Amino acid sequence: MKLLKDAAYTLGLPVLLILLWWIGTLGGSNFYVPTPAQLAQTFVDTWFSPRLWEDILPSLGRLFAGLAAAIVFGVGIGVFIGSFRTVRRVLEPLLEFFRAVPPPVLVPLFMLIFGLNDQMRVFVIAFGSVWPILLNTIEGVRGTDEVMRDTASSYRITRVQRLAYLIVPAAGPKILTGVRQSLSIALILMVISEMFGSSSGLGFLISYFQRSFAIPEMWSGILLLGLIGFALSVVFRLIERRILRWYHGLREVQREG
Amino acid sequence: MTPEPSGAAARPLLVVEHLKKVYPTATGGVEAVRDLHFSVPEGQLVCIVGPSGAGKTTLLKCIAGLLPITSGRIELLGEAITAPPKAMAVVFQEYGRSLFPWMSVEANVELPLKSAGVSKPERRAAAADALHAVGLDDAGGKYPWQLSGGMQQRVAIARALAYKPKVLIMDEPFAAVDAQTRADLEDLIRVIWKQLGVTILFVTHDIDESVYLGERVVVLSNSPTVVQDDVVIDLPAERDQLTTRSHPQFAALRSHIYEQIQRAKHNRGTETASTPTVLRRH
Ligand SMILES: Nc1ncnc2c1ncn2[C@@H]1O[C@H](COP(=O)(O)OP(=O)(O)OP(=O)(O)O)[C@@H](O)[C@H]1O
Ligand SMILES: [Mg+2]
């Protein structure tokens with residue numbers, strides 16, 4: 001029953017919008033706007049084809065490689081910077097500057113430096129999405145509770161164990177907030193990095209369809225991107241719920257008390 | 001109960017000499033502790049009381065090796081304390097911020113042992129024993145925040161016990177729990193102290209609690225702090241929430257310490273008690 005209700009809430013508005021769209025296109029389709037049925041058909045024809053493993057999967061591969069690198073470096077460097085007050089104070093303005101630079105403008109630059117290849121694209125994704133993770137990690141590490149630090153010191157917890165059992169878990173909620181922000185940046189950069197000097201990938205295909213006036217195909221690509229973004233955030237939420245079970249539980253108790 | 005030190009041979013376990021602590025600040029520094037001396041023989045249960053802001057927490061943090069001292073000397077077993085010593089465990093007032101909320105109760109209790117390289121089966125056993133000693137046999141698998149405040153403080157005490165310290169330092173550990181729980185925890189501390197023979201430094205701002213628990217009460221002056229008075233609590237060793245608190249000597253000690261604290265509020269780092277006060281019995 002609850003499941004049904006949840007599904008109704010999630011799907012209600014999308015279904016309504018599709019209905020409106022369907023009514024709007026009843027009087028024959030516009031060149032720029034396909035009917036829902038047309039789009040569905042195009043979607044299946046376009047993507048359930050060799051493009052699935054020739055374009056979509058490689059794109060997703062680069063996305064995840066870039067994200068993984070961003071998480072590893074963002075958390076690693078963030079823990080280091082966050083642990084030393086002087087380092088933090090010297091670097092923070094610079095890092096804020098890098099975060100403020102809109103990542104897409106880096107694509108042409110990196111193309112020049114690294115050439116047109118997959119490594120460049122992964123690098124662009126990683127470089128663009130590392131900042132929220134890095135800055136959130138620094139903030140999380142800095143915010144580690146003073147009493148917990150004293151507790152760890154008084155029990156002579158070793159450096160490595162302090163990282164593993166205190167610093168990183170304490171920064172966990174912040175780190176995952178950073179990762180959530182990075183997801184959308186990474187997806188944008190995946191598309192944009194493929195729009196320049198590329199001959200495969202989702203970004204390439206969407207701009208190719210657009211240039212060759214294959215409008216329904218172009219729409220189907222945009223739909224696919226939306227679905228990928230949605231799936232990413234759903235999967236992320238599941239993982240986050242798991243990792244931060246303690247945090248959500250604690251918050252609930254604090255709200256009640 | 002506690003035997004007199006036999007002659008000059010028995011150097012006290014813990015010695016605080018001319019302790020001074022100035023917090024460095026932008027405006028030149030806050031002198032929290034001016035000139036403190038006292039010593040604690042092995043196995044004693046000492047309560048430390050003083051007005052709010054007197055520097056009790058500062059003193060404990062210095063003794064625990066968590067704060068560098070400005071001058072003077074703190075010695076444990078004849079060695080100067082410069083970093084947290086192996087033989088010491090601390091229980092903080094803020095149990096909610098001292099237990100790690102991302103770990104189970106059991107993992108919290110085991111962590112210091114893990115860090116010390118104790119093998120897994122031994123850790124398990126030590127944690128189970130310690131949790132049993134504080135009456136929390138079944139809580140091992142829970143998260144700390146799933147327990148009540150009093151139970152969380154029991155977990156913090158269990159963690160300290162599992163660490164097997166020679167000196168147990170407690171900073172207003174029961175200030176944030178309700179009265180009934182507090183009485184239970186006070187009795188728990190007495191039991192632990194008697195069974196394990198551990199030396200305990202117990203900071204509280206509750207005068208009754210200090211008299212009920214301690215073998216001795218050290219009264220601190222207002223900040224910058226000196227020792228205002230050092231009172232021997234000559235109550236029977238078997239204490240009981242009902243009979244002990246209605247003992248005439250309990251009332252006498254309590255009003256004596258109360259007076260001292262009233263005086264301490266106006267006394268900033270001038271008077272220093274050198275010999276322990278023993279109240280004459282009426
Ligand atoms: N980090 C700090 N920097 C500067 N001054 C401090 C710092 N910590 C404490 N003080 C000052 O030192 C004095 C003693 O503080 P402390 O916390 O040790 O007192 P306390 O006796 O534990 O008080 P309470 O009864 O409120 O717990 C106070 O005047 C306080 O303002
Ligand atoms: Mg205090």
Side-chain angles (χ1 to χ4, degrees), chain A residues 75 78-79 82-83 85-86 89 136-137 139-179 239-257, chain B residues 57 60-68 81 83-105 107-118 142-149 152 155-156 159-165 167-171 176:
Chain A
V75 173
V79 165
S83 300
R85 189 150 56 132
T86 326
R89 283 173 57 182
N136 274 289
T137 305
E139 207 181 311
V141 170
R142 173 175 39 196
T144 306
D145 193 287
E146 210 51 50
V147 179
M148 289 189 193
R149 284 179 193 274
D150 276 349
T151 302
S153 304
S154 75
Y155 284 112
R156 297 154 61 100
I157 308 291
T158 58
R159 233 164 224 286
V160 177
Q161 297 201 332
R162 195 179 298 216
L163 275 184
Y165 296 117
L166 172 60
I167 307 289
V168 173
K174 283 263 173 232
I175 292 175
L176 288 179
T177 303
V179 173
I239 296 174
E240 193 245 26
R241 283 264 144 201
R242 248 213 118 94
I243 298 179
L244 293 186
R245 207 157 59 96
W246 66 269
Y247 180 69
H248 297 297
L250 176 65
R251 290 257 311 252
E252 211 163 289
V253 170
Q254 283 170 346
R255 267 201 301 274
E256 283 166 12
Chain B
T57 299
L60 286 196
K61 280 191 172 175
C62 289
I63 294 176
L66 294 170
L67 264 185
I81 291 174
K86 173 87 191 65
M88 219 177 247
V90 185
V91 173
F92 296 90
Q93 177 186 333
E94 306 93 336
Y95 45 81
R97 293 167 56 199
S98 163
L99 299 170
F100 296 171
W102 44 85
M103 284 183 186
S104 70
V105 162
N108 266 288
V109 176
E110 281 183 36
L111 183 61
L113 305 178
K114 193 171 182 173
S115 201
V118 177
K142 294 204 170 123
Y143 283 113
W145 41 266
Q146 292 175 315
L147 307 176
S148 70
Q152 289 182 43
V155 175
R159 179 173 60 186
L161 295 183
Y163 194 61
K164 299 201 168 53
V167 182
L168 179 56
I169 293 185
M170 308 180 94
D171 188 3

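Remember, it's a predicted structure, so these values are computed and weren't measured experimentally. Residue numbers begin at 1 in each chain, while the letters A, B, ... track the order of the sequences.
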Counting only non-hydrogen atoms closer than 4.5 Å, does [X] touch chain A with its backbone (N, CA, C, O), its side chain (CB onward), both, or neither?
{"X": "B/P85", "answer": "backbone"}
{"X": "B/A160", "answer": "both"}
{"X": "B/L99", "answer": "backbone"}

Provide the closest heavy-atom pair for [X] versus [Y] in the form atom of the first, atom of the second, distance.
{"X": "B/P101", "Y": "A/W246", "result": "O-CB, 3.4 Å"}
{"X": "B/A156", "Y": "A/Y155", "result": "O-OH, 4.3 Å"}
{"X": "A/D150", "Y": "B/L66", "result": "O-CD2, 3.7 Å"}
{"X": "A/S154", "Y": "B/Y163", "result": "O-OH, 4.1 Å"}
{"X": "B/S115", "Y": "A/T158", "result": "OG-N, 2.8 Å"}

Measure the [atom1]-[atom2] distance between [X] and [Y] for me, rounded to the nearest 0.5 Å.
{"X": "B/Y143", "Y": "A/R245", "atom1": "OH", "atom2": "CZ", "value": "4.0 Å"}
{"X": "B/K114", "Y": "A/I157", "atom1": "NZ", "atom2": "CD1", "value": "10.0 Å"}
{"X": "B/E94", "Y": "A/M148", "atom1": "CD", "atom2": "CE", "value": "10.5 Å"}

Mark yes or no for whether A/R156, through its side chain, and B/P84, through its backbone, hold a donor-acceptor pair below 3.5 Å.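 The answer is yes, because a donor-acceptor pair under 3.5 Å joins these two groups.
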Between A/Y165 and B/F100, is the ring centre distance below 6.0 Å?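 No, the ring of A/Y165 stays outside the 6.0 Å limit from the ring of B/F100, centre to centre.
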Heavy-atom cut-off 4.5 Å, strictly under: side chain, backbone, both or neither for A/L166 against chain B?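 When you check distances to chain B, atoms from both the backbone and side chain of A/L166 fall under 4.5 Å.
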So what's closer than 4.5 Å to chain B heavy atoms on A/D145: side chain, backbone, both or neither?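 For A/D145, the side chain is the part near chain B, not the backbone.
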Is A/T151 close to B/R159 at the side-chain level, that is, under 4.5 Å between some pair of heavy atoms?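 Sidechains of A/T151 and B/R159: in contact.
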Quick check for you: among B/M103, B/M88, B/K86, which has the greatest number of heavy-atom pairs under 4.5 Å with chain A?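 Going by pairs under 4.5 Å, I would pick B/K86.
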Please rank B/A64, B/P112, B/G96 by heavy-atom pairs under 4.5 Å with chain A and give me the top one.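 Of the options given, most contacts go to B/P112.
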With chain B as the partner, which of A/A170, A/G172, A/A152 has the greatest number of non-hydrogen pairs under 4.5 Å?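 That would be A/A170.
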